[in-house]
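Down below is the structure, laid out as structure tokens.
We use all heavy atoms of the structure for the numbers below, so side chains are in, but hydrogens, waters and symmetry mates are not.
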Amino acid sequence: MPDIAAVKAALAAQRIETPSWGYGNSGTRFKVFAQQGVPRDPYEKLDDAARVHAYTGVAPKVSLHIPWDRVDDYAALAAYAKERGVELGAINSNTFQDDAYRLGSVCHPDPAVRRRAVRHLLDCVDIMDATGSADLKLWFADGTNYPGQDDVTARQERLAESLAEVYARLGDDQRMLLEYKFFEPAFYTTDVPDWGTAYAHCLKLGPRARVVVDTGHHAPGTNIEFIVALLLREGRLGGFDFNSRFYADDDLMAGAADPFQLFRIMHEVVRNGGLAPAAGIAFMLDQCHNVEAKVPAVIRSVCNVQEATAKALLVDADALAAAQRDGDVLAAHAFLMDAYDTDVRPLLRALREERGLDPDPVAAYLRSGRQERIAAERAGGDQAGWGA
């Protein structure tokens, strides 16, 4: 049976990175919904992220998105984060909200447009240098809408050339994390549609290029945990973008749509050593909270990842392995389900109390009255958001 003290130690050591854009206004493809108290600049986003970390104790990093989080002095922004008890994490690029990218960015047939996109990515590396960030996270909306619109192979060549130039600019302690998505916004081909395409490019680039698995970026029925296990085996899993989906890339709270899937993913992470710091796995959230309050939703998401991790840590690995060796299908499945069916909330409440935290982070935040205070204090100005 798992050692509960060891389980608690692993949970206490876990780090979950929150997204700056998760604190801003967002919505559907048709409308962005404004809420009271939403941050007006990256500094107020960091204030919100610091409160998430204060209540959960496991969310000390904040991903930035450029240009949504553009400031004049990134070193000052990093210092501001440190003053509030958090630090800046991955730098996310944006090559999908410029009119020039109508036919793609790094895969565009026009060399001038590709140069513009690569310049932006290199600027993001400069920001990494200024903030101390170790990860450059790339997602490309590039693709085509019609057969014959462009040469599919040529687009892969352009992608490879662009990635190679940016990879060469990285420092020795910096990584490139390449994300994939099987569709959207292109309707016919997507230039990085799956883990295999991302993996192939990462292999050619070098050991500091790794694949990011966004849990909302797969076709229905895809066995995401298999992808996770394979990439872990190959040493090429760079991190996760956790969210939930019902139909497509819904960006709902992690674990909301299919908590069993999140558990299965975390089981493979635990089973294959992915929780160890040496594995270098970035456990990031990628969510846009459209109709729910931002900070409580991020806190709840962090707690959902913790619960899935706790259940994965409770799997009786020795008993499971024995059943698998014996070919005892029902017993093996039962050992996995025993862990999933365990109510881990008392365990997590006890862990938080031992660390001087409130056992219920969401309730504690709501009781604090901060949500009402920021609604009053942040009146006026332009709220942050991704537009639409």
Side-chain angles (χ1 to χ4, degrees), residues 19 21-22 26-31 96 137-147 152 177-202 211-234 236-272 274 281 283-292 297 300-301 304-305 307-309 311-312 329 333 336-337 339-341 386 388:
W21 55 97
S26 56
T28 68
R29 300 294 185 262
F30 312 107
K31 168 68 176 175
F96 53 86
K137 188 143 72 70
L138 307 178
W139 173 73
F140 299 109
D142 291 34
T144 64
N145 283 344
Y146 295 95
V152 174
L177 305 183
L178 183 57
E179 187 175 349
Y180 58 91
K181 186 176 185 179
F182 85 105
F183 84 109
E184 194 187 44
F187 297 117
Y188 176 59
T189 63
T190 300
D191 290 314
V192 190
D194 51 38
W195 69 270
T197 304
Y199 177 57
H201 281 284
C202 287
V211 181
V212 168
V213 175
D214 185 308
T215 51
H217 283 191
H218 303 82
T222 300
N223 190 317
I224 300 175
E225 57 267 32
F226 171 82
I227 299 170
V228 169
L230 189 147
L231 290 173
L232 278 167
R233 180 179 182 273
E234 299 299 318
R236 288 289 178 159
L237 179 64
F240 291 95
D241 273 359
F242 284 125
N243 53 59
S244 281
R245 49 161 290 181
F246 283 102
Y247 297 104
D249 187 16
D250 293 334
D251 286 341
L252 303 175
M253 294 190 305
D258 189 350
F260 185 45
Q261 180 190 69
L262 184 56
F263 160 75
R264 298 194 310 266
I265 290 170
M266 291 310 302
H267 168 64
E268 294 301 334
V269 170
V270 171
R271 164 68 180 80
N272 292 283
I281 310 302
F283 297 97
M284 298 175 282
L285 302 179
D286 180 12
Q287 302 173 183
C288 293
H289 304 290
N290 302 338
V291 296
E292 64 271 30
R300 180 66 261 173
S301 299
N304 286 351
V305 175
E307 290 180 15
T309 306
K311 292 183 177 187
V329 175
H333 179 63
L336 207 64
M337 293 307 299
Y340 177 70
D341 290 335
W386 47 262

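In terms of the side-chain hydrogen bond (donor to acceptor under 3.5 Å, both in side chains) criterion, residue partners of K137 (sequence neighbours excluded) are, by chain and number, N92, D241.
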Side chain to side chain contact (heavy atoms under 4.5 Å, CB included) between W139 and V212: does it pass, once the steps are laid out? CA-CA 9 Å; W139 173 73; V212 168; over 6 Å; no
For M253 and H289, run side chain to side chain contact (heavy atoms under 4.5 Å, CB included): C-alpha distance rounded to whole Å, both residues' side-chain angles, the deciding distance at 0.1 Å, then the answer. CA-CA 8 Å; M253 294 190 305; H289 304 290; 3.8 Å; yes
Between T190 and Y180, does a side chain to side chain contact (heavy atoms under 4.5 Å, CB included) hold up when you go through it step by step? CA-CA 9 Å; T190 300; Y180 58 91; over 6 Å; no
List the steps and the verdict of side chain to side chain contact (heavy atoms under 4.5 Å, CB included) for K181 and V192. CA-CA 7 Å; K181 186 176 185 179; V192 190; over 6 Å; no
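Shown here for N243 and G216, the closest heavy-atom pair between the two residues is OD1-N, 3.2 Å. Of all non-hydrogen atoms in L232 and G274, the two that sit nearest each other are CD2-CA, 4.1 Å. Taking every heavy atom of both residues into account, S244 and A257 meet most closely at OG-N, 3.2 Å. L285 and A254 make their closest contact through CD2-CB, 4.4 Å (heavy atoms, listed as atom of the first residue, atom of the second, distance).
Within the 4.5 Å cutoff, side-chain heavy atoms of M266 are placed close to those of F283. Residues F240 and I265 meet the side-chain proximity criterion, which asks for heavy atoms closer than 4.5 Å. Residues L177 and M284 are in side-chain contact: their nearest non-hydrogen atoms beyond the backbone lie under 4.5 Å apart. Side-chain contact between F183 and D249 is absent, with no heavy-atom pair separated by less than 4.5 Å. Inter-residue side-chain proximity for F260 and M337 is flagged as met; some heavy-atom pair is nearer than 4.5 Å.
The main-chain N or O of F187 is found under 3.5 Å from a side-chain atom of N145 such that the two form a donor-acceptor pair. A donor-acceptor pair under 3.5 Å is absent between the side-chain atoms of D251 and the main chain of C288, judged by distance alone. At distances below 3.5 Å, not a single donor-acceptor pair connects side-chain atoms of T189 with backbone N or O atoms of G143.
Counting heavy atoms of neighbouring residues, nucleotides and ligands inside a 6.0 Å radius, atom CZ of R271 does not exceed 12 of them.
Defined by atom type and a distance below 3.5 Å, a donor-acceptor pair is present between the side-chain atoms of T197 and D194. Checked by atom type, the side-chain pair Q287/S301 shows a donor-acceptor distance below 3.5 Å.
The OG1 atom of T215 sits 7.5 Å away from the CG atom of L262 when rounded to the nearest 0.5 Å. The OG1 atom of T309 sits 13.0 Å away from the NE2 atom of H267 when rounded to the nearest 0.5 Å. Summarising the geometry, atom CG belonging to N272 is positioned 10.0 Å from atom CG belonging to L237; distances are rounded to the nearest 0.5 Å. Atoms CG and CZ, on D142 and F96 in that order, are 11.0 Å from each other to the nearest 0.5 Å.
Ion pairing between R233 and E268 fails under the 4.0 Å rule for side-chain N and carboxylate O.
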May I have the list of side-chain donor-acceptor pairs in residues 222-229 shorter than 3.5 Å, sequence neighbours left out?
unit_1, atom_1, unit_2, atom_2, d
T222, OG1, A219, N, 3.4
T222, OG1, A219, O, 2.7
N223, OD1, E225, N, 3.4
N223, OD1, F226, N, 2.9
E225, OE2, R264, NE, 2.5

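Between W195 and Y199, the angle of the ring planes lies from 30° to 60°, which puts this pair in the tilted group.
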